[in-house]
Amino acid sequence: MNPDWLQQKTDVRYAPHSALNTYQVCLPRPPSPESLEKRLWIIYIHGGAWCDPDQDATTFNPAQEVLLQSQNIEQIAGFASINYRLAPHSIKIPDPDDPSRHAVHPDHIQDVLAALAHVQQTYLFGERYILVGHSCGATLAFQVAMDRQWRATNLSNKIVSPLAILAIEGIYDLPALVEHNREIPYYRTFVTSAFRSDEAVWRSVSPTSADLNASWPTGKLVVIAHSRDDELVEWQQADLILQSLQGQNFHDSGARKARVLELSGTHDLWRGGVEVARAVEFTLKELTSS
Ligand SMILES: Nc1ccccc1C(=O)C[C@H](N)C(=O)O
């Protein structure tokens, strides 16, 4: 990488709906077809329970800084991190007129798909990317690879699915999450704020309900990265998605892999950058070895 060349853009607008319909990009070197042949894009979807206005695309910056300084940058063609409209937060009450804070499913996933289509059409990397998501961002990353029935537009045809998904401290089974945390009303509150109250919808949008053989035949790898010390999303969520993936023929090795990576830290471990960067490095390595 040539540090004098490094290019960063923020607030690239992909849709007109709100101030949050933007993404940020970082290019470590000039884009070229040759570079893309041997390198991958890293695309990040932030977390925050679909509603936290204090988490946005910039939560990827600490990890991006670590990766820019590491040897692994030789394998990375570019980074993008996506903002999307949020559901109303129950405590951080939004301005009633703010369209970025009144989203309800499928707005979040439709925004992510629109952003992905925009980045792909700009940088032409096709399937050569790793889709990374933290917390509800991991849910959204899986939803990109799921049957896109919630899609109102013809956007689906424009998006090429990723080679790999890296899911960090993710939410994979909404009914199980709400049930496990039934003593803490906030879980039902944020799930209802983002998906309304029909539990059949909660189930159908959950990555544990995916049929990835049908919807993501080109997928090579899923990495489930989770910390035993996550105080907000219990390890059970990782177990549930791993069971589901094994049932769909994702195994430890082979053409379609599902791997577990134990991280250390609490739910918001993106703050330090190092653990998210380590998970990206692990995913790059797993993708290039079989
Ligand atoms: N991702 C989560 C998963 C489970 C429970 C909470 C969260 C949150 O992100 C809380 C967030 N800090 C909030 O202000 O809503």
Side-chain angles (χ1 to χ4, degrees), residues 18 20 44-63 81-95 98 100-105 107-109 111-112 131-144 165-197 199 201-203 205-208 223-242 261-273 275-276 279:
S18 81
L20 281 177
Y44 189 80
I45 309 171
H46 70 80
W50 290 274
C51 63
D52 185 357
D54 295 328
Q55 297 190 42
D56 64 15
T58 62
T59 57
F60 183 55
N61 290 353
S81 183
I82 296 172
N83 285 308
Y84 50 90
R85 283 172 292 170
L86 304 176
H89 195 283
S90 58
I91 300 155
K92 304 170 192 173
I93 310 282
D95 177 334
D98 183 349
S100 71
R101 300 278 308 282
H102 289 89
V104 64
H105 173 78
D107 295 338
H108 313 94
I109 180 62
D111 282 0
V112 167
L131 191 56
V132 186
H134 171 260
S135 193
C136 69
T139 323
L140 288 159
F142 270 101
Q143 287 174 341
V144 169
I165 291 174
L166 164 57
I168 300 171
E169 312 305 324
I171 296 170
Y172 310 110
D173 187 317
L174 288 171
L177 180 83
V178 172
E179 171 58 20
H180 185 96
N181 297 286
R182 60 189 173 279
E183 310 294 329
I184 310 170
Y186 184 57
Y187 284 77
R188 179 175 288 274
T189 301
F190 76 69
V191 170
T192 304
S193 182
F195 296 95
R196 305 200 208 266
S197 53
E199 298 197 15
V201 172
W202 299 2
R203 187 164 305 287
V205 300
S206 291
T208 46
V223 174
I224 301 298
H226 214 95
S227 168
R228 299 269 176 196
D229 298 323
D230 187 326
E231 77 292 14
L232 294 181
V233 179
E234 55 282 354
W235 189 275
Q236 184 197 41
Q237 288 289 312
D239 276 342
L240 289 169
I241 191 69
L242 286 161
L261 176 65
E262 268 202 46
L263 299 179
S264 57
T266 51
H267 186 70
D268 285 340
L269 46 71
W270 51 265
R271 289 182 198 282
E275 286 299 274
V276 170

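Order of appearance sets the numbers: ligands from 1, and atoms from 1 within every ligand.
- Using bins of under 30°, 30° to 60° and over 60° for the plane-to-plane angle, the ring pair W235/H226 lands in the perpendicular bin.
- Against a heavy-atom cut-off of under 4.0 Å, H89 is close to the following atoms of ligand 1: 13 (C), 14 (O), 15 (O).
- At least one donor-acceptor pair closer than 3.5 Å links the side chain of W202 to the backbone N or O of R196.
- Across the listed options D230, D268, L232, D54, L232 owns the non-hydrogen atom lying nearest to atom 7 (C) of ligand 1.
- Residue V233 touches ligand 1 through its side chain alone, judged by heavy-atom distances below 4.0 Å.
- For atom 11 (C) of ligand 1, the nearest non-hydrogen atom of the protein is D52 OD2, 3.4 Å.
- Counting the atoms of ligand 1 from 1 in the order shown, those under 4.0 Å from a heavy atom of K92 are 14 (O).
- Classified by interplanar angle (parallel below 30°, tilted 30° to 60°, perpendicular above 60°), the ring pair H46/Y84 is parallel.
- Listed by number with element, the atoms of ligand 1 under 4.0 angstrom from any heavy atom of G48 are 9 (O).
- Listed for the Q237 side chain is a donor-acceptor partner under 3.5 Å among the backbone atoms of D173.
- At least one heavy atom of S135 sits closer than 4.0 Å to an atom of ligand 1.
- Of the protein's non-hydrogen atoms, the one nearest atom 8 (C) of ligand 1 is A49 CB, 3.8 Å.
- Distance from atom 10 (C) of ligand 1 to its nearest protein heavy atom, with residue and atom name: Y186 CE2, 4.2 Å.
- The nearest protein atom to atom 5 (C) of ligand 1, hydrogens excluded, is given as F190 CE2, 3.5 Å; this is a heavy-atom distance.
- Residue Y187 has no nitrogen or oxygen atom sitting less than 3.5 Å from a nitrogen or oxygen atom of ligand 1, judged on distance alone.
- Taking 4.5 Å as the limit, some side-chain heavy atom of I45 sits within range of a side-chain heavy atom of L131.
- For the pair S206 (side chain) and L174 (backbone), a donor-acceptor distance under 3.5 Å is present.
- The backbone N or O of T192 sits nowhere less than 3.5 Å from a side-chain atom of S197 that would complete a donor-acceptor pair.
- No side-chain donor-acceptor contact under 3.5 Å links D56 to the backbone of N83.
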